[in-house]
Colleague: 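Just dropping this structure here.
Heavy-atom basis, side chains included; hydrogens, waters and symmetry copies ignored. In what follows, chains carry the letters A, B, and so on, assigned in the order in which the sequence lines appear, proteins first and then strands, with residues in each chain numbered from 1.
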2 protein chains.
Amino acid sequence: MTAKRQTWQKDAVKHALGQSTGFVSAQDLHQILKQHGSPIGLATVYRALADLAQQEQADSLQSASGETLFRACGQTHHHHLICTDCGATVEIGAAEIEVWANAVAKSHGFTPASHTIELFGICGNCKH
Amino acid sequence: MTAKRQTWQKDAVKHALGQSTGFVSAQDLHQILKQHGSPIGLATVYRALADLAQQEQADSLQSASGETLFRACGQTHHHHLICTDCGATVEIGAAEIEVWANAVAKSHGFTPASHTIELFGICGNCKH
DNA sequence: ATGAATGCAAACTCTTTGCACATTG
DNA sequence: CAATGTGCAAAGAGTTTGCATTCAT
């Protein structure tokens with residue numbers, strides 16, 4: 001059978017993913033790991049992330065720029081409010097919206113799975 | 001100044017996009033157009049789509065495989081409920097969510113601008 | 001020992017861009 | 001006419017893969 005081996009690389013990727021807030025790209029993770037001294041390869045990061053996603057220990061989604069972003073599962077589910085001027089992001093936890101999303105999906109005969117919500121605007125600082 | 005010119009290429013892309021059901025990638029459109037005899041270039045399709053998206057005459061989103069998908073869109077502001085299995089999409093108009101989005105942005109000191117909401121799930125047909 | 005995992009670099013796919021030429025207004 | 005749009009091909013960005021080597025079991 002498939003005997004998964006435990007390597008420090010996989011642990012490093014998993015840990016770095018867990019430390020990150022929100023979504024991170026494979027390349028970001030690779031950068032972070034190297035900055036912490038790991039001589040890990042980019043391809044390995046991609047492979048480790050694919051494994052984690054397959055084992056459902058990580059969520060993945062596509063960013064607007066075409067990157068695949070990953071997030072450790074088990075974190076509180078939240079969304080982002082992003083300043084289109086300076087790029088600042090605020091995390092939004094919104095139980096009401098989760099409920100709404102599920103209700104909408106069901107009303108159309110869908111089995112709710114996931115959703116992406118991103119709000120854009122101009123933050124207080126940039127308004128001045 | 002910048003005077004947009006009308007070319008048969010832009011019309012062709014717009015028309016092909018309008019004819020398509022659901023979302024299509026730029027490459028798909030290019031294929032379709034060529035199959036219909038248009039000697040249009042791929043880069044031109046990308047440029048035309050970027051224009052349409054900017055003029056808000058087209059919606060765009062990222063597919064799971066990393067492609068950017070486009071779809072002609074009417075005037076009404078709406079979001080999508082997408083089947084992760086067959087790709088079927090349902091348009092959702094949700095006034096309540098617009099209100100919520102603006103309220104959240106304001107509560108964080110942001111001036112509301114826009115937002116993206118995508119719901120994913122499995123549709124009735126694919127459930128069986 | 002033995003084969004799965006890694007690292008490197010080449011290959012791939014999708015998208016963007018530079019530049020000469022055709023076209024529009 | 002002036003300059004915007006197009007087409008081509010080369011360049012970029014992100015991701016995957018082939019292969020020899022390393023390493024967990």
Colleague: Under 4.5 Å between side-chain heavy atoms, hopping through other hydrophobics if needed: is there a path connecting Phe110(B) to Trp100(B)?
Modeller: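 Linked, Phe110(B) and Trp100(B) end up in one cluster.
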Colleague: Return the nearest nucleotide to the side chain of Arg47(B); candidates are dA2(D), dA24(D), dG18(C).
Modeller: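 Of the options given, the side chain of Arg47(B) lies nearest dG18(C).
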Colleague: Counting side-chain heavy atoms from CB outward, which of dT17(C), dA24(D), dT15(C) is closest to Thr7(A)?
Modeller: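 The listed nucleotide nearest to Thr7(A)'s side chain is dA24(D).
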Colleague: Within the distance-only criterion (no hydrogens, no angle test), does the side chain of His30(A) pair as donor or acceptor with the backbone N or O of Ile40(A) below 3.5 angstrom?
Modeller: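 Such a contact is found between His30(A) side chain and Ile40(A) backbone.
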Colleague: Do Lys14(A) and Leu52(A) touch side chain to side chain, with heavy atoms closer than 4.5 Å?
Modeller: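 Yes, at least one pair of side-chain atoms sits under 4.5 Å.
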Colleague: Would you say Leu17(B) and Leu49(B) make side-chain contact, with heavy atoms under 4.5 Å?
Modeller: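 The answer is yes; the side chains approach within 4.5 Å.
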Colleague: If you define the side chain from C-beta out and look only at heavy atoms, does anything of Gln31(B) sit under 4.5 Å from Gln27(B)?
Modeller: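 No, side chains not in contact.
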Colleague: Of all of residues 26-42 of chain A, which get a heavy atom below 4.0 angstrom from DNA chain C, listed by number?
Modeller: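 Result for residues 26-42 of chain A: Pro39(A), Ile40(A), Gly41(A), sorted by number.
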Colleague: For the side chain of Gln9(B), counting heavy atoms from C-beta on, which of dT25(D), dT4(D), dG7(D) is nearest?
Modeller: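 For the Gln9(B) side chain, the nearest candidate turns out to be dG7(D).
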Colleague: Quickly work out the Asp11(B) CG to dT23(C) P distance and round it to whole Å.
Modeller: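 So the CG-P distance, Asp11(B) to dT23(C), works out to 16 Å.
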Colleague: Figure out the CZ/P separation between Arg5(B) and dC1(D), and round it to whole Å.
Modeller: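 Whole-Å distance recorded here is 16 Å.
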Colleague: Over how many whole Å does the gap from Lys10(B) atom NZ to dT23(C) atom C1' extend?
Modeller: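 Rounded to the whole Å, the gap is 12 Å.
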Colleague: Examine dT15(D): is either OP1 or OP2 under 4.0 Å from a nitrogen or oxygen in the side chain of Thr68(A)? Give yes or no.
Modeller: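 Affirmative; the distance criterion is met.
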Colleague: Is there side-chain contact between His115(B) and Ile117(B), with at least one heavy-atom pair below 4.5 Å?
Modeller: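 Yes - at least one pair of side-chain heavy atoms lies under 4.5 Å apart.
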Colleague: For Ser25(B) and Gln6(B), find the nucleotide of DNA chain C closest to each by heavy atoms; which residue's nucleotide sits nearer the 5' end?
Modeller: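 By nearest-heavy-atom nucleotide position, the 5'-most residue is Ser25(B).
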Colleague: Which of the following nucleotides, dT6(C), dT15(D), dC23(D), is nearest to the side chain of Tyr46(A)?
Modeller: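 Nearest to the side chain of Tyr46(A) among the choices is dT15(D).
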Colleague: To the nearest Å, give me how far apart CG (Leu69(B)) and C1' (dT15(C)) are.
Modeller: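 These atoms are roughly 14 Å apart.
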Colleague: Can you check the Trp8(A) CH2 to dT22(D) P distance for me, whole Å?
Modeller: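 Atom CH2 in Trp8(A) sits about 15 Å away from atom P in dT22(D).
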Colleague: Listing request: all salt bridge (Lys or Arg N to Asp or Glu O under 4.0 Å) pairs with a residue in residues 34-52 of chain A, at least two apart in sequence or in separate chains.
Modeller: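 Sorted pair list: Lys4(A)-Asp51(A), Lys10(A)-Asp51(A).
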